[in-house]
Protein chains: 2
Amino acid sequence: MTTRDTGTEQLIKDTAKHVFFKEGRLHATTQDIADAAGVNRTLVNYYFRSKDALIKQVYEEGMDDLDNRLTQVMYSNLPFREKMENFIDLFMAESMEYPYQEAFLITEMNMNSNLHHKADMTEKVEYLSQQIQKEMDEGRLEKMNPIHFAMNMFSMMIYPLIMKPMYKQFYNLSDEEFTKLMLERKEITCKMLFGN
Amino acid sequence: MTTRDTGTEQLIKDTAKHVFFKEGRLHATTQDIADAAGVNRTLVNYYFRSKDALIKQVYEEGMDDLDNRLTQVMYSNLPFREKMENFIDLFMAESMEYPYQEAFLITEMNMNSNLHHKADMTEKVEYLSQQIQKEMDEGRLEKMNPIHFAMNMFSMMIYPLIMKPMYKQFYNLSDEEFTKLMLERKEITCKMLFGN
DNA sequence: TTAAAGTTTAACATTTTTGTCAAACAAAAA
DNA sequence: TTTTTGTTTGACAAAAATGTTAAACTTTAA
């Protein structure tokens with residue numbers, strides 16, 4: 001069957017990502033998604049067969065996207081610090097668009113540890129660790145297990161975005177004020193990681 | 001009706017927290033919770049009337065707990081750094097027990113922004129900001145918007161715990177290795193915050 | 001020991017969510 | 001234009017999740 005491509009399949013998938021990754025409504029129904037997309041719910045089944053299948057696709061593409069972002073930066077030929085600055089720029093831009101992407105992936109792993117196949121990032125992750133280790137060996141970074149450097153970086157970039165509703169409430173912030181703070185964090189994160 | 005206190009009500013609530021806060025199964029059903037507690041599902045309705053009511057209680061107690069942890073530390077009479085060291089100890093211990101507590105709260109806020117009453121932490125949060133500001137004014141901390149200091153601290157403590165399934169997969173870690181890393185993070189977090 | 005009152009259970013009812021199918025519709029090809 | 005084929009829709013069916021009730025059970029106190 002040769003498809004006619006009305007864009008509906010993509011629209012549904014994009015809307016699902018919007019609902020899950022951007023709005024953080026992690027237990028949205030297919031009806032919620034169809035409504036948000038402005039299409040008949042049946043189309044979810046027509047294009048994806050089942051809700052699980054849609055979720056699975058969203059999950060895998062979320063994982064692939066994560067993988068790609070890592071790859072894209074890891075293998076560039078820049079000095080480590082610039083490389084990380086680029087990475088933080090790129091990653092924070094995407095995370096501001098889709099703050100709940102990683103949270104969605106984790107929730108899925110926690111709910112359906114069976115359904116999803118494990119991503120093998122060993123090689124990539126090891127390469128990153130080696131680069132971090134080298135910086136430490138050569139005295140440009142505080143010595144510690146390289147995994148902590150990575151954890152620190154991801155934590156400082158993503159967590160405040162996930163916690164947005166709480167920070168807004170506790171600190172009485174408008175959306176604009178919050179966004180401004182997040183933009184400041186690119187530099188702050190970098191400074192923290194490299195000790196200025 | 002004078003209650004006989006078989007401990008069942010508490011058991012259900014505790015189990016709900018276990019499932020939501022510890023296992024991160026954010027869309028568990030009442031049946032899931034009843035099974036985990038080893039009780040008949042009907043008891044959820046007997047003691048809590050509805051699933052929503054149970055969720056609401058879990059949410060409010062989660063918020064209260066967060067509030068208490070903040071209070072407990074904010075108003076002690078220690079030098080700022082020691083105060084923060086205590087806080088990190090306390091907070092990380094609880095977060096290792098219940099890594100998804102804040103994620104649950106946020107997801108609830110995103111799903112039912114109406115259902116839950118807003119917590120007013122303004123006073124507490126302002127007091128914390130003032131203390132941070134003072135440290136900056138007196139040159140013991142890098143100058144920045146105090147909210148960033150708080151964000152950095154919470155991020156570095158909590159986010160790696162939430163991402164445990166991913167870190168375990170990417171870095172091929174056992175539970176024991178992961179726990180060891182998390183314990184190391186108490187000191188690392190502190191060092192990062194205070195620039196050693 | 002028996003009556004009263006709270007607790008637990010199983011069967012049933014309702015609601016919500018998901019899935020299926022045939023008919024209506026729209027676009028491309030014959 | 002008509003036919004073909006893929007798309008969309010609404011009605012219906014099935015499954016999953018939640019809620020209700022009456023009866024069984026347990027504990028306490030009369």
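The analysis underlying the following values was restricted to heavy atoms, covering all of them including side chains, and did not include hydrogens, waters or symmetry mates. Naming: A, B, ... by sequence-line order, numbering from 1 per chain. It should be emphasised that the depicted structure is a prediction, and the values quoted were computed from it without experimental measurement.
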Is any side-chain N of the basic residue among A:Lys56 and A:Asp52 closer than 4.0 Å to the acidic one's carboxylate O? no
Would you please indicate yes or no on a ring centroid separation below 6.0 angstrom for B:Tyr127 and B:Tyr75? yes
When the aromatic ring centroids of A:Phe87 and A:Phe149 are compared, is their separation below 6.0 Å? no
Aromatic ring centroids of B:Tyr98 and B:Phe104 under 6.0 Å? no
How does DNA chain C look in dot-bracket form if you count Watson-Crick and G-U pairs under 3.5 Å, write [ ] for pairs that cross, and put | where a base pairs with another strand? ||||||||||||||||||||||||||||||
Would you say A:Thr8 reaches D:dT8's phosphate, i.e. side-chain N/O to OP1/OP2 under 4.0 Å? yes
Nearest to the side chain of A:Lys51, heavy atoms from C-beta on, is which of C:dT8, D:dG19, C:dG19? C:dG19
Any ion pair linking B:Glu85 and B:Arg81 (charged N to carboxylate O, less than 4.0 Å)? yes
For the pair made of CZ in B:Arg49 and C1' in D:dG19, what is the distance, rounded to whole Å? 12 Å
When rounded to whole Å, the CG to P distance for the pair B:Asp5 and D:dT27 reads 14 Å
Think B:Ser50 has a side-chain N or O under 4.0 angstrom from the OP1 or OP2 of D:dT20? no
Please report the distance, rounded to the nearest Å, between CD1 in A:Ile12 and P in D:dT7. 12 Å
Reckon A:Asp52 touches a base, only the sugar-phosphate, or nothing at all at heavy-atom distances under 4.0 Å? nothing
Minimum heavy-atom separation for B:Pro146 and B:Met136, please, with both atom names. CA-CE, 4.3 Å
Without decimals, in angstroms, what is the distance between A:Asn45 CG and D:dT7 P? 15 Å
According to a strict under-4.0 Å criterion, is A:Tyr46 in side-chain N/O contact with OP1 or OP2 of C:dT20? no
So what does B:Phe48 touch, heavy atoms closer than 4.0 Å: a base, only the sugar-phosphate, or nothing? nothing
Can we say B:Glu176 and B:Lys180 salt-bridge, meaning some charged N sits less than 4.0 Å from an Asp/Glu carboxylate O? no
For DNA chain C, which residues of residues 23-43 of chain B approach it to below 4.0 angstrom with any heavy atom? B:Asn40, B:Thr42, B:Leu43
Looking at the rings of B:Phe91 and B:Phe154, which for Trp means the six-membered one, are their centres under 6.0 Å apart? yes
Give the minimum heavy-atom separation between B:Lys168 and B:Ser174, together with the two atoms involved. CE-C, 4.2 Å
Taken to the nearest whole Å, CD1/B:Ile55 to C1'/D:dT18 is 12 Å
